[in-house]
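The structure under discussion appears below in the form of structure tokens.
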Amino acid sequence: MLIDLTGRTALVTGSTQGIGAAIATGLARAGARVGVNGRTAERVERAVEEIRAEVPGADLVPVVADVAGEEGARRAAEALPHVDVLVNNLGIFGEADPLTIGDDEWRRYFEVNVLAAVRLVRGYLPGMSGRGWGRVLNIASDSAVAIPAEMIHYGMTKTALLAVTRGFAKHVAGSGVTVNSVIAGPTRTGGVEDFVYELVDDSLPWDEAQRVFMREYRPQSLLQRLIEPEEIAAMVVYLASDHASATTGGALRVDGGYVDSILP
């Protein structure tokens, strides 16, 4: 299947590392003009250089903005006023005893993981609908469905993101715009590696630590390994293409079979 996104402009939030960087690279490789987003110019510039090393000649737009807030969303819109493919990847996560999480932390997780996405969808969706083509992709998590006891506040936000996705898909029904979420399973990123070592013996070599983590904390995984960011990106690039024109309002799983369900 040949995926050609030439002529399309994409914005990937939180794309200086991890899953976001892999998605930005995948979209650029498919020919899209890609907005690379991060909070500091240094990190964005470094990510742009790394992506261009992978995809020579990639058409990349630095988008330096903290899109978790209203001012950052405005800056993103100024840098990229026209977006065909919006990928809401920005997110925070962390382990915490749910009885010790204060109201401010609950609000912070909701602001970053849910409201930031809603704000950008609200800004870009009218233009997509007016042009009769667009893609909104919200990066969710297996934690949206299988809430982890140590990350209830995080799981809550990802469940909300699934609801947001379905609702906006209904709002643009019949417009040529699709809105989907991608349920990412346990994925190997720098942040997740740190998280793994918070839960297992940090003296273990990475391969062994990963196996222990999956066996003890994510035994539902049928893959029995962490997912690579490029595997998440492959699904996003497909959903951003014309080939996925009949897929909307969905929650597509790239979770290694972690969620125990026969539905996608």
Side-chain angles (χ1 to χ4, degrees), residues 5 8-30 32-40 43-44 46-48 50-51 60-69 72-73 75-77 79-80 83-94 109-121 123-125 134-144 154 157-158 160-162 164-165 168 178-192 195 227-240 251-255:
L5 297 176
R8 303 296 189 192
T9 296
L11 170 61
V12 184
T13 65
S15 48
T16 58
Q17 62 184 350
I19 293 173
I23 291 171
T25 301
L27 292 169
R29 187 172 285 117
R33 178 177 182 242
V34 182
V36 179
N37 167 246
R39 290 180 295 177
T40 69
R43 294 183 69 179
V44 171
R46 184 169 64 246
V48 165
E50 290 171 352
I51 294 171
L60 305 175
V61 179
V63 181
V64 181
D66 182 358
V67 295
R75 288 186 182 180
L80 279 179
V83 165
D84 302 298
V85 179
L86 171 63
V87 183
N88 285 307
N89 169 74
L90 175 67
I92 55 175
F93 68 95
Y109 267 74
F110 184 81
E111 287 274 349
V112 176
N113 291 357
V114 184
L115 191 54
V118 169
R119 192 178 288 119
L120 290 171
V121 172
Y124 285 117
L125 206 57
R135 300 286 186 264
V136 174
L137 296 161
N138 296 319
I139 306 303
S141 165
D142 56 80
S143 296
Y154 170 74
T157 64
K158 293 302 183 178
L161 203 54
L162 299 186
V164 165
T165 299
F168 276 116
T178 65
V179 186
N180 290 289
S181 55
V182 173
I183 296 180
T187 304
R188 182 180 181 178
T189 65
V192 169
F195 177 63
I227 298 162
E228 294 298 324
E230 292 75 17
E231 294 174 303
I232 308 295
M235 174 65 85
V236 173
V237 172
Y238 164 70
L239 291 172
L252 288 300
R253 290 164 49 199
V254 189
D255 67 343

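The figures here come from the full heavy-atom set of this structure, side chains too, leaving out hydrogens, waters and symmetry mates.
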Next item on the list: Using the side chain to side chain contact (heavy atoms under 4.5 Å, CB included) rule, take Phe93 and Ser141 through it: C-alpha gap first, then chi angles, then the decisive distance, then the call.
Entry: CA-CA 11 Å; Phe93 68 95; Ser141 165; over 6 Å; no

Checklist line | Check: Leu162 main-chain N/O paired with Ser181 side-chain donor or acceptor under 3.5 Å | finding: no

Notebook entry, point to check: Side chain of Asp255, backbone of Ala184: donor and acceptor closer than 3.5 Å?
Noted result: no

Next item on the list: Under the side chain to side chain contact (heavy atoms under 4.5 Å, CB included) rule, what do Thr13 and Leu120 come out as? Steps first, then yes or no, please.
Entry: CA-CA 10 Å; Thr13 65; Leu120 290 171; 3.5 Å; yes

Item checked: Heavy-atom donor-acceptor pair, Asp84 side chain to Thr9 backbone, under 3.5 Å -> yes

Check: Is the closest side-chain heavy-atom distance between Thr16 and Val44 below 4.5 Å?
Finding: yes

Note to self: Quick test of your reading: applying salt bridge (charged side-chain N to carboxylate O under 4.0 Å, His left out), list the pairs with at least one residue in residues 9-27, sequence neighbours left out, ordered by first then second residue.
What the structure shows: none

Check: How long is the span from the CG atom in Asn180 to the CG atom in Leu137, to the nearest 0.5 Å?
Finding: 6.0 Å

Checklist line | Contacts of Tyr124 that satisfy ring pair (Phe, Tyr, Trp, His ring centres under 6.0 Å) - sequence neighbours left out | finding: none

Checklist line | Residues Ile139, Ile23; criterion side chain to side chain contact (heavy atoms under 4.5 Å, CB included); working and verdict | finding: CA-CA 11 Å; Ile139 306 303; Ile23 291 171; 4.0 Å; yes

Note to self: Taking Asn37's backbone N and O only, do any of them form a donor-acceptor pair with Ser15's side chain (distance below 3.5 Å, no angle check)?
What the structure shows: yes

Notebook entry, point to check: Do Gln17 and Arg46 touch side chain to side chain, with heavy atoms closer than 4.5 Å?
Noted result: no

Next item on the list: Name all residues meeting the side chain to side chain donor-acceptor pair (under 3.5 Å) criterion together with Thr165; count only those two or more places apart in sequence or in a different chain, and write none if there are none.
Entry: Asn138

Item checked: Nearest heavy atoms of Val63 and Gly35, plus distance in Å -> CG2-CA, 4.0 Å

Check: Quick one: salt bridge (charged side-chain N to carboxylate O under 4.0 Å, His left out) partners of Arg75, sequence neighbours excluded?
Finding: Glu71

Notebook entry, point to check: Do you know which two heavy atoms are closest between Val112 and Ala68, and how far apart they sit?
Noted result: CG2-CB, 4.0 Å

Next item on the list: May I ask you to decide if Leu239's main-chain N or O and Arg135's side chain share a donor-acceptor pair within less than 3.5 Å?
Entry: yes

Checklist line | Student check: side-chain heavy atoms of Ile51 and Leu60 closer than 4.5 Å | finding: yes

Margin query: Quick check: closest heavy atoms across Val254 and Val182, and the distance to 0.1 Å?
Written below: CG2-CG1, 4.0 Å

Notebook entry, point to check: Under the side chain to side chain contact (heavy atoms under 4.5 Å, CB included) criterion, do Leu125 and Phe168 qualify, and how do the steps go?
Noted result: CA-CA 9 Å; Leu125 206 57; Phe168 276 116; 3.7 Å; yes

With a 3.5 Å cut-off and sequence neighbours excluded, list the donor-acceptor pairs that the side chains of residues 185-192 form with protein atoms.
unit_1, atom_1, unit_2, atom_2, d
Thr187, OG1, Gly185, O, 2.7
Arg188, NE, Glu193, OE2, 2.9
Thr189, OG1, Val192, N, 3.2

Item checked: For Asp66, salt bridge (charged side-chain N to carboxylate O under 4.0 Å, His left out) partners two or more places apart -> none

Next item on the list: Measure across Gly72 and Ala65 and return the closest heavy-atom pair with its distance rounded to 0.1 Å.
Entry: O-CB, 3.4 Å

